[in-house]
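Position 1 is the first residue of the sequence, and the numbers go up from there.
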Amino acid sequence: MTDTTKYSTRIDEPTGNKVITIDRGGETVDFVIGSGPEGTDIWQRVPYDADDYGPVANPRTDFDHADPAYNPNAPEVWKELREGGCPVAHSDRYGGMWVPITDDTVTEVAYDTENFTSRSVVVNVARPGDLALPAPIGGAPPITSDPPFHNMARRLLLPAFAPKKIEPWEPEIQRLCQKLLDEMGEITPGESIIDAATQYAQNIPVNVIGRMLGFPEKDEELFREFVHDVLERINEEPGTREGGDDLGLYIQQQIADHRTNPRDDLTSYLMNVELDGNKLDDDVVGGMVILLLVAGIDTTWSAIGSSLWHLAQHPEDHQRLLDDPEVMTFALEEFLRAYAPVTMARLVAKDNDFHGCPMKKDDWVLLPFPAANRDPRKFEDPDAFIVDREENRHAAFGLGIHRCLGSNLARLELKVAIEEFIKRFPRFELAGDTRWSVGQIRGPRELPVRILDVAD
């Protein structure tokens with residue numbers, strides 16, 4: 001980020017709100033944090049206490065997806081809750097949060113835009129205040145948008161992710177994967193250990209979406225930091241970390257650069273597309289770019305990493321894919337079902353009773369689509385990975401109005417990444433502990449594998 005960005009903090013005496021002043025090289029912006037939505041950018045329902053975010057004893061009444069023990073064991077947690085007769089878990093953390101676990105409860109919330117707003121989709125200790133981009137637009141449209149704006153914003157993005165736009169990327173993604181594999185250097189079968197997450201999976205979507213947006217390739221490491229900040233640092237006290245505005249500032253710098261140096265890419269498209277005869281405000285363009293950058297990176301690299309994690313432990317599935325490449329059509333959907341990375345969130349729009357759960361306005365509702373994919377009432381033998389499973393109407397790309405508009409790109413990246421890896425390394429196995437992410441996107445952050453065989 002620019003070295004000219006500076007931060008200062010003060011307390012506004014009349015309101016008691018914390019005001020963070022961001023100095024962007026002469027231009028100052030105030031960011032207001034308070035105890036209520038009025039006159040604030042974000043607000044906290046309860047005062048922050050770091051002790052509220054320790055280990056979870058009982059996920060039924062104290063659920064926390066940011067507990068480091070959760071993502072490595074999430075399928076077991078979902079199963080325990082379902083079999084214990086708990087279709088909706090609860091937590092006092094994050095100022096109050098509900099967590100539907102079954103396919104029918106997750107689906108019901110996802111489709112109910114009257115009782116549940118999408119204004120914020122990442123659970124954290126603060127909620128958007130009145131100064132934040134309001135509903136129905138939200139900060140990262142269309143995923144943070146409610147009807148009717150949601151449909152308008154989504155229509156603007158859909159053409160960029162249509163099959164005819166995505167299919168030409170296949171040879172580019174193949175070359176990228178082969179380059180990453182080449183850069184691993186000399187491999188000694190039975191001895192060499194690589195990190196399939198950091199050396200491979202995490203480099204694929206970050207490169208592709210960066211190029212689509214027309215951002216400098218040298219900034220790929222920055223993109224990883226942004227993803228970490230947005231999705232994993234959710235239980236830290238708001239306003240205590242300098243650089244909280246870095247992602248928004250970076251995007252505005254890129255928009256300014258595109259305005260000075262126009263080119264043919266997705267950012268320029270969003271800057272020039274019209275809605276009702278008017279170009280989008282920079283804040284709306286920036287929000288859309290943030291969505292594409294964050295959602296287009298961590299979700300897909302997590303799916304790739306989880307799929308390789310599975311194959312490292314199941315050589316029979318690996319061999320089946322090598323012997324019968326046509327099976328990939330079914331295997332791809334099974335990887336997505338069994339290891340769906342994405343959990344979304346909603347805010348309760350108004351007090352309502354949800355199957356006996358007294359949900360209050362501004363409660364969080366966490367939507368674990370991966371849990372819905374493991375519901376035995378939806379899938380036969382749901383905890384088994386069946387490489388040629390044919391009936392597979394999974395929710396990996398979400399449900400309702402916010403179903404992932406980038407699913408064509410995600411499927412392509414996942415397919416090519418798996419094919420190229422197993423073709424280069426016909427046999428590999430786990431070679432140490434896997435470190436999983438924390439928060440709403442589930443996938444390996446570190447995945448050490450020992451290469452047992454290298455293709456000629």
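Under the 3.5 Å distance criterion, the side-chain polar atoms of Q440 are matched with a main-chain donor or acceptor of V123. At distances below 3.5 Å, not a single donor-acceptor pair connects side-chain atoms of R442 with backbone N or O atoms of V342. Distance alone, capped at 3.5 Å, is enough to place a donor-acceptor pair between the D67 side chain and the A69 backbone. Judged by distance alone, with hydrogens and angles left aside, the side-chain atoms of T61 form no donor-acceptor pair with the main-chain N or O of H90 at under 3.5 Å. Using a distance-only test at 3.5 Å, with no hydrogens or angles considered, a donor-acceptor pair links the side chain of E232 to the main chain of V438. The backbone N or O of D375 lies less than 3.5 Å from no partner atom in the side chain of D103, so there is not a single donor-acceptor pair. Between the side chain of T267 and the backbone N or O of L213 there is at least one donor-acceptor pair closer than 3.5 Å. Judged by distance alone, with hydrogens and angles left aside, the side-chain atoms of D195 form a donor-acceptor pair with the main-chain N or O of L447 at under 3.5 Å.
Between K179 and E183, at least one side-chain nitrogen of the basic residue sits less than 4.0 Å from a carboxylate oxygen of the acidic one, meeting the salt-bridge criterion. R259 and D282 are joined by a salt bridge, as a carboxylate oxygen and a charged side-chain nitrogen come within less than 4.0 angstrom of each other. Salt bridge annotation for R389-E380: absent, with no cationic side-chain nitrogen under 4.0 angstrom from a carboxylate oxygen. Remark: D298 engages R445 in a salt bridge, criterion side-chain N to carboxylate O under 4.0 Å. Ion pairing between D146 and R119 fails under the 4.0 Å rule for side-chain N and carboxylate O.
More than 12 heavy atoms of other residues, nucleotides or ligands lie within 6.0 Å of CD in E221, so this atom counts as buried by the packing criterion. Heavy-atom neighbours of E76 CD from other residues, nucleotides or ligands within 6.0 Å: above the threshold of 12. Atom CD of E274 has more than 12 neighbouring heavy atoms from other residues, nucleotides or ligands inside a 6.0 Å radius. Taking a 6.0 Å sphere around CG of D264, one finds it holds 12 or fewer heavy atoms contributed by other residues, nucleotides or ligands.
With a 4.5 Å cut-off on side-chain heavy atoms, P376 and K79 do not count as touching. Within the 4.5 Å cutoff, the side chain of Y70 has no heavy atoms near those of the W436 side chain. You'll find the side chain of L409 reaches within 4.5 Å of the side chain of M212, heavy atoms only. For the pair T113 and H150, the minimum side-chain heavy-atom distance is 4.5 Å or more. No side-chain heavy atom of L291 sits under 4.5 Å from any side-chain heavy atom of P141. Residues I297 and R224 fail the side-chain proximity criterion, which asks for heavy atoms closer than 4.5 Å. Side-chain contact between H402 and S118: present, with at least one pair of heavy atoms (C-beta onward) separated by less than 4.5 Å. Taking the side chain as every heavy atom from C-beta outward, T343 and F369 never approach each other to under 4.5 Å.
Among residues two or more places apart in sequence or in another chain, the salt bridge (Lys or Arg N to Asp or Glu O under 4.0 Å) test is passed with D265 by R263.
If you take OG1 on T144 and CZ on F149, they are separated by 8.5 Å, rounding to the nearest 0.5 Å.
Residue P444 comes nearest to Q202 through the heavy atom pair O-NE2, 3.7 Å, listed as atom of the first residue, atom of the second, then distance. Listed here is the closest heavy atom pair of Y200 and A417: OH-O, 2.7 Å. The shortest heavy-atom contact between L292 and I209 is O-CG1, 3.5 Å.
The distance between the ring centers of Y94 and Y53 falls below 6.0 angstrom.
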Could you give me the CA-CA distance, side-chain angles and deciding distance for M97 and D363, then say whether side chain to side chain contact (heavy atoms under 4.5 Å, CB included) is met? CA-CA 6 Å; M97 178 175 71; D363 282 351; over 6 Å; no

Side chains of residues 153-166: which donor-acceptor pairs under 3.5 Å do they make with residues two or more places apart or in other chains?
unit_1	atom_1	unit_2	atom_2	d
R154	NH1	R403	O	2.8
R154	NH2	R403	O	2.8

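By the 30° and 60° cut-offs, the orientation of the rings of F223 relative to Y250 is perpendicular.
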